[in-house]
Amino acid sequence: MSVLVLYAGSAEQWGPYRPALTRAFEAEGLDVELVTEVEDPATVDYIVHSPSGPIRDFTPYTGAKAVLSLWAGVEEIVGNATLTQPLVRMVDAGLTEGMVEWVTGHVLRHHLGMDDHILNQDGTWRPVAPPLARQRRVALLGLGALGSAVGQALAALNFQVTGWSRSAHEVPGLQCLSGDEGLEATLKGADFVILLLPLTPQTIDVMNARTMALPTRGAVILNPGRGPLIDDAALLKALEDGQIGHATLDVFRTEPLPPEHPFWAHPKVTVTPHIASETRPVTAALAIAANIRRSEDGEPMMHVVDRARGY
Ligand code: NDP
């Protein structure tokens, strides 16, 4: 079987993938020729795709049974009209773990008021203890692979987490709401707003002037989802008037974030360069190999993207 990897990252980034995939295919009992270029596209059985490269014409890959994305977010490929095969998004245990750590770390920074002590160590004794996590309300938009894991981690620390999704969910330890009417109730009175939604026409600007008025005054927004989930102008205004106390942003409408962008120098904005979490070669290879094995055994593949929904 031939698996073509269309990898757009550097040779250094690609390096760990080849041995990880080779081992994972072997472990699944799959006899795979792993290639990064092919003379005859029709001979390719599966395509592993990293979306940061140029838009691909998938038409010549007439024998390909599926395209497996190395990224969880598929907005750059989901609308590709030449892609007729099933598209599978990345759900990787390592990616999930990384996201849980990034979100938990940044929530705890603000919850504990760490900046006060780290940045303002000026000889003044300020004995003000932070409240307990159980006194903080978290609004978590997105209850998918990443959102539900993040929600459970925060709930385990006793934060009061309300999660919001398109369809109804039940996640242990969380209050779960859905649909348009659920959004307002989720955001109302929240101390933290965490965005783990995919980028679709429905989720663009989900945080806008109206919705940013709903959390408690001084709430913190964390966006490790996608930049366009936030109306940037509305966020800058909400930061200026104090409705939003801080925004910790990992993703942006333009990446890399241009040096002149006001977020860089804003005292109430923390910029991280799209590193909240990344696909980890070893665990991602296991996910890819397991899914190809399922397909070869005639079982349905996991995490197939609903092209109409866009994620
Ligand atoms: P999933 O597809 O598993 O989950 C998406 C969630 O969003 C689901 O709960 C879904 O609802 C919900 N959702 C989608 N559309 C709407 C809507 N219109 N209204 C309400 N809820 C909606 O995605 P993941 O959890 O795996 O990933 C989430 C996103 O995180 C990715 O799409 C990507 O953009 C981002 N990401 C960022 C990374 C980084 O390093 N910054 C790394 C990896 C991912 P339902 O369950 O009902 O379908």
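Numbering of ligands and ligand atoms starts at 1, following listing order. Computed from a predicted structure; not experimentally measured.
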Quiz item: What atoms of ligand 1 come closer than 4.0 angstrom to any heavy atom of Val251?
Solution: 41 (N)

Exercise. Grab the two heavy atoms, one from Leu143 and one from Cys176, that are nearest each other, plus how far apart they are.
Key: CD1-SG, 3.8 Å

Quiz item: Quick one: does ligand 1 sit under 4.0 Å from the side chain of Glu75, the backbone, both or neither, non-hydrogen atoms only?
Solution: neither

Practice problem: May I ask you to check if ligand 1 and Gln202 share an N or O to N or O distance below 3.5 Å? | Solution: no

Quiz item: Got an N/O contact under 3.5 Å between Thr200 and ligand 1?
Solution: no

Practice problem: Taking Asp297 for its side chain and Glu299 for its backbone only, find out whether a donor-acceptor pair lies under 3.5 Å. | Solution: no

Quiz prompt | Residue part near ligand 1, for Glu278, under 4.0 Å between non-hydrogen atoms | solution = neither

Quiz item: Do Arg309 and ligand 1 have an N or O pair less than 3.5 Å apart?
Solution: no

Quiz item: Which of the numbered atoms in ligand 1 are below 4.0 angstrom from a heavy atom of Met99?
Solution: 37 (C), 38 (C), 39 (C), 42 (C)

Quiz item: Looking at Gly142, which atoms of ligand 1 are within less than 4.0 Å of one of its heavy atoms?
Solution: 6 (C), 7 (O), 9 (O)

Quiz prompt | Phe159 and His111 aromatic centres sub-6.0 Å | solution = yes

Exercise. Name the option, out of His169, Arg89, Arg166, that contains the heavy atom nearest to atom 46 (O) of ligand 1.
Key: His169

Exercise. Looking only at protein heavy atoms, identify the closest one to atom 48 (O) of ligand 1 and say how far it is in Å.
Key: Tyr311 OH, 2.5 Å

Quiz item: Does the side chain of Gln202 pick up a donor-acceptor pair with the side chain of Tyr311 at under 3.5 Å?
Solution: no

Exercise. Verify side chain to side chain contact (heavy atoms under 4.5 Å, CB included) between His106 and Asp250, making sure each step is shown before the conclusion.
Key: CA-CA 11 Å; His106 285 279; Asp250 184 58; over 6 Å; no

Practice problem: Examine distances only and state if a side-chain atom of Asn223 and a backbone atom of Leu249 form a donor-acceptor pair shorter than 3.5 Å. | Solution: no

Quiz item: With a 4.0 Å heavy-atom cut-off (strictly under), which part of Leu141 contacts ligand 1: side chain, backbone, both or neither?
Solution: neither

Quiz item: Should you measure from each heavy atom of His274, which atoms of ligand 1 turn up under 4.0 Å away?
Solution: 39 (C), 40 (O), 41 (N)

Self-check item: Shortest protein contact, atom 35 (C) of ligand 1 (heavy atom only)
Solution: Gly225 O, 3.6 Å

Quiz prompt | Test: Lys268 and Glu240 ion pair at under 4.0 Å | solution = no

Quiz item: At a 4.0 Å threshold, what atoms of ligand 1 neighbour a non-hydrogen atom of Leu143?
Solution: 6 (C), 8 (C), 9 (O)

Quiz item: Without hydrogens or angle criteria, can the side chains of Thr270 and Arg109 be said to hold a donor-acceptor pair below 3.5 Å?
Solution: yes

Quiz prompt | For Ala72, atoms of ligand 1 separated by under 4.0 Å from a heavy atom | solution = 43 (C), 44 (C)

Quiz item: With backbone taken as N, CA, C and O and side chain as the heavy atoms from C-beta onward, which portion of Asp250 lies under 4.0 Å from ligand 1: side chain, backbone, both, or neither?
Solution: side chain

Self-check item: Close N or O approach (Met90, ligand 1; < 3.5 Å)
Solution: no

Self-check item: Closest to atom 28 (C) of ligand 1 among Thr203, Leu195, Leu196 (heavy-atom distance)
Solution: Leu196

Quiz item: Between Asp205 and Arg253, does a salt bridge (charged side-chain N to carboxylate O under 4.0 Å, His left out) hold up when you go through it step by step?
Solution: CA-CA 11 Å; Asp205 286 342; Arg253 283 171 189 261; 2.6 Å; yes

Practice problem: Using modelled atom types only, decide if a donor and an acceptor are shared between the side chain of Glu101 and the backbone of Gly98 within a distance under 3.5 Å. | Solution: no

Quiz prompt | Check: Lys65 and Tyr46 side chains under 4.5 Å, non-hydrogen atoms | solution = yes

Self-check item: Residue part near ligand 1, for Arg226, under 4.0 Å between non-hydrogen atoms
Solution: side chain

